[in-house]
Amino acid sequence: EIYDIICDLGNGSYGKVILAKSKNEGKKFAIKVIKKALLDRFEKQYEIHVEKYCLAHLSHPNIIKFSKAFQDKKHLFFVLEYCKNRDLGKLIQKIGPFNFKLAQYYAAEILSAMSYMNKYGIYHRDLKPENIGVDEDMHLKIMDFATANCVGKYFDKTTMKFVDIPQKEYEEASNKMKIDKSGG
């Protein structure tokens, strides 16, 4: 797939997000460009694997859609759904406080997505207006899963994949945590 870069959408701690248009489909995408050197320097490889795992495994109308990932020698690229109206923080700055009905509607969209994620043991842990995209139809899309927690999974460094923790080990670890918290 070949993309034409249109413009920068924003900068993050480990790279930037650009707006690009697919030459094959003619569709616009947000491409998260992550500098490998910064991931290495700040030891954030695990967080990137968490983000990719979450994006690739979640499919909900209020979660950003993941198209693909690829890399070159210096960068990782995540091709994501483009949110034309940027993020919830920018929307609030632009239009001011929401009326009750709109706030209620957006709260329902967020809760629906959170409930869906939690059903699969994924907990976002950094939900804020800047991490919630707003698409062209004004629907919300939760994004940026780098700090998410995937309960019942561990990252196998030999296969570079997330795998299920065997149920017996998971229960033993959960019971140990309950004992430790109670002081016993």
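- Hydrophobic cluster membership for Ile31: Tyr3, Ile5, Ile18, Phe29, Val33, Phe70, Phe77, Val79 (Ile, Leu, Val, Met, Phe, Trp, Tyr linked by side-chain heavy atoms under 4.5 Å, directly or transitively).
- Atom-to-atom distance recorded for Gln45:CD and Ile34:CD1 is 11.5 Å, nearest 0.5 angstrom.
- Side-chain heavy-atom separations under 4.5 angstrom define the hydrophobic clusters, and the remaining members of the one that includes Leu9 are Ile6, Val17, Leu19, Tyr82.
- When all heavy atoms are compared, the tightest approach of Met114 to Ile142 is SD-CD1, 4.0 Å.
- Screening residues 100-120 for salt bridge (charged side-chain N to carboxylate O under 4.0 Å, His left out) gives no qualifying pairs among residues at least two apart or on separate chains.
- His124 places a side-chain heavy atom less than 4.5 Å from the side chain of Met117.
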Evaluate the criterion side-chain contact (heavy atoms from CB on, under 4.5 Å) for residue pair Tyr14 and Phe42; output intermediate values, then yes/no. CA-CA 9 Å; Tyr14 306 105; Phe42 297 107; 3.8 Å; yes

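- Side-chain contact check for Leu76 versus Lys52: every heavy-atom pair is 4.5 Å or farther apart.
- Side chains of Lys65 and Lys141 form a contact here, defined as non-hydrogen atoms less than 4.5 Å apart.
- Applying the salt bridge (charged side-chain N to carboxylate O under 4.0 Å, His left out) test to Lys21 and every residue at least two apart in sequence or in another chain returns nothing.
- At distances below 3.5 Å, at least one donor-acceptor pair connects side-chain atoms of Asp72 with backbone N or O atoms of His75.
- In terms of heavy-atom proximity, Asp4 sits nearest to Lys23 at OD1-CE, 2.8 Å.
- Interatomic distance, OG of Ser13 versus NZ of Lys44, reported as 8.5 Å (0.5 Å rounding).
- Heavy atoms of other residues, nucleotides or ligands lying less than 6.0 angstrom from CD of Glu43 number 12 at most.
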Side-chain polar contacts of residues 55-64 - donor-acceptor pairs under 3.5 angstrom, sequence neighbours left out - could you list them?
from: His57; atom 1: ND1; to: Tyr53; atom 2: O; distance (Å): 2.8
from: His60; atom 1: ND1; to: Asn62; atom 2: N; distance (Å): 2.9
from: His60; atom 1: NE2; to: Ser112; atom 2: OG; distance (Å): 3.0
from: Asn62; atom 1: ND2; to: Leu140; atom 2: O; distance (Å): 2.9

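- Atom CG of Asn11 is separated from atom NZ of Lys16 by 7.5 Å, given to the nearest 0.5 angstrom.
- Residues satisfying the side chain to side chain contact (heavy atoms under 4.5 Å, CB included) test with Ala148, not counting sequence neighbours, are Val50, Cys54, Ile122, Phe145.
- Contacts of Tyr123 classified as ring-ring contact (aromatic ring centres under 6.0 Å, His included), with partners at least two apart in sequence or in another chain: none.
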Without placing hydrogens or testing angles, list every side-chain donor-acceptor pair under 3.5 Å for residues 131-138, not counting sequence neighbours.
from: Asn131; atom 1: ND2; to: Asp126; atom 2: O; distance (Å): 2.8
from: Asn131; atom 1: ND2; to: Asp126; atom 2: OD2; distance (Å): 3.1
from: Asp135; atom 1: OD1; to: Asp137; atom 2: N; distance (Å): 2.9
from: Asp135; atom 1: OD1; to: Met138; atom 2: N; distance (Å): 3.0
from: Asp135; atom 1: OD1; to: His139; atom 2: N; distance (Å): 2.8

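- Under the rule for a side-chain hydrogen bond (donor to acceptor under 3.5 Å, both in side chains), the partners of Lys36 that lie at least two apart in sequence or sit in another chain are Gln71.
- Among residues two or more places apart in sequence or in another chain, the side chain to side chain contact (heavy atoms under 4.5 Å, CB included) test is passed with Leu111 by none.
- In this view, Asn24 and Glu1, Ser22 satisfy the side chain to side chain contact (heavy atoms under 4.5 Å, CB included) rule, not counting sequence neighbours.
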Between side-chain atoms of residues 87-96 and protein atoms elsewhere (two or more places apart, or another chain), which donor-acceptor pairs fall under 3.5 Å?
from: Asp87; atom 1: OD1; to: Gly89; atom 2: N; distance (Å): 2.8
from: Asp87; atom 1: OD1; to: Lys90; atom 2: N; distance (Å): 2.8

